[in-house]
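Working notes, beginning with the structure itself.
Here the structure is a predicted model, which is why all the values come from computation and not from measurement. Reminder, nothing fancy here: chain letters follow the sequence lines and each chain counts from 1.
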Amino acid sequence: GAGVSQSPRYKVAKRGQDVALRCDPISGHVSLFWYQQALGQGPEFLTYFQNEAQLDKSGLPSDRFFAERPEGSVSTLKIQRTQQEDSAVYLCASSRGTSGSRTYEQYFGPGTRLTVT
Amino acid sequence: GQNIDQPTEMTATEGAIVQINCTYQTSGFNGLFWYQQHAGEAPTFLSYNVLDGLEEKGRFSSFLSRSKGYSYLLLKELQMKDSASYLCAVSADYGGATNKLIFGTGTLLAVQP
């Protein structure tokens, strides 16, 4: 079946521009995560949705970052007034969530590579 | 807070066995995951451990000791295509989402002929 897809794959923005990154999770997955990955580092958690509810946004680096998932499926990560330090790969992941003591694995999309010039 | 440590780089020979270690400190542990990530690609799921012991899946095995906060990923019969970054990630009760993952920095494995 179809995996997680993200668009665009590459985005170049001038400093100060707003960007919107899209994530299409695997159908039926209730959990959706956004991560930021710098070169040579592991992904860092940004925010988490369970269906349409944003339950954790503790990883968002500033109030310029905003995420939504209005219908519990597609999600958008928006970055306002981009800065050079926002340059990174933004990964989206989805999963079935949890069941009892089991935490289901997350499936990652290919990421959006954002470069702020 | 949480602390996940794994070696930055490792080198191994084609056909050999390599063990990648991961140590972590966390409370409310919910499970440990290993992911493989080739350069420029998305992480792909390899294994999940929530109970102590060894989980085997083909050429890859993963071990967990919760009391020691320790896991390893064992790769057998190494192939050139196994050259990638291997990410250790812990799921725990972090006070918000109960199934978000905290990743280590990854171990870059280079397989040489």
| task | Answer yes or no: does atom CD of A:Glu44 have more than 12 heavy-atom neighbours from other residues, nucleotides or ligands under 6.0 Å? | result | no

Donor-acceptor pairs under 3.5 Å, side chain of residues 57-66 of chain A to any protein atom, not counting sequence neighbours: which ones?
unit_1, atom_1, unit_2, atom_2, d
A:Ser58, OG, A:Asp56, OD1, 2.6
A:Ser58, OG, B:Lys100, NZ, 3.4
A:Ser62, OG, A:Arg64, N, 3.1
A:Arg64, NH1, A:Gln80, O, 3.0
A:Arg64, NH1, A:Arg81, O, 3.1
A:Arg64, NH1, A:Asp86, OD2, 2.8
A:Arg64, NH2, A:Asp86, OD1, 2.9
A:Arg64, NH2, A:Asp86, OD2, 3.2

| For the ring pair A:Tyr35 and B:Phe103, is the centre-to-centre distance below 6.0 Å? | yes

| Toward chain B, the part of A:Thr47 with a non-hydrogen atom under 4.5 Å | neither

| Tell me, which pairs form a disulfide bond (SG atoms under 2.5 Å apart) where one or both residues lie in residues 13-58 of chain B, sequence neighbours left out? | B:Cys22-B:Cys88

| What about A:Tyr107 and A:Phe45, same hydrophobic cluster or not, with Ile/Leu/Val/Met/Phe/Trp/Tyr joined at side-chain heavy-atom distances under 4.5 Å? | no

| disulfide bond (SG atoms under 2.5 Å apart): which pairs involve residues 29-75 of chain A, sequence neighbours left out? | none

| query | For B:Ser91 and A:Thr103, which heavy atoms make the closest approach, and how far apart are they? | reply | OG-CG2, 3.7 Å

| field | Interface residues of residues 35-63 of chain B facing chain A - non-hydrogen atoms under 4.5 Å apart | value | B:Tyr35, B:Gln37, B:Gly40, B:Ala42, B:Pro43, B:Phe45, B:Tyr48, B:Val50

| Min side-chain heavy-atom separation B:Leu87-A:Pro43 under 4.5 Å | yes

| A:Leu21, A:Leu91: one ILVMFWY side-chain cluster at the under-4.5 Å cut-off? | no

| request: Please check if A:Leu39 and B:Tyr86 belong to a single hydrophobic cluster, counting links between Ile, Leu, Val, Met, Phe, Trp and Tyr side chain heavy atoms closer than 4.5 Å. | output: no

| When hydrophobic residues are tied together by side-chain contacts of less than 4.5 Å, even through go-betweens, does A:Tyr48 share a cluster with A:Val30? | no

| message | What part of A:Gln37 gets within 4.5 angstrom of chain B, counting heavy atoms only: side chain, backbone, both, or neither? | response | side chain

| query | Among A:Gln41, A:Arg113, A:Gln50, which has the most heavy-atom pairs under 4.5 Å with chain B? | reply | A:Gln41

| request: Examine B:Val90 and B:Trp34 and state if one hydrophobic cluster contains both, with Ile, Leu, Val, Met, Phe, Trp and Tyr joined whenever side-chain heavy atoms are less than 4.5 Å apart. | output: yes

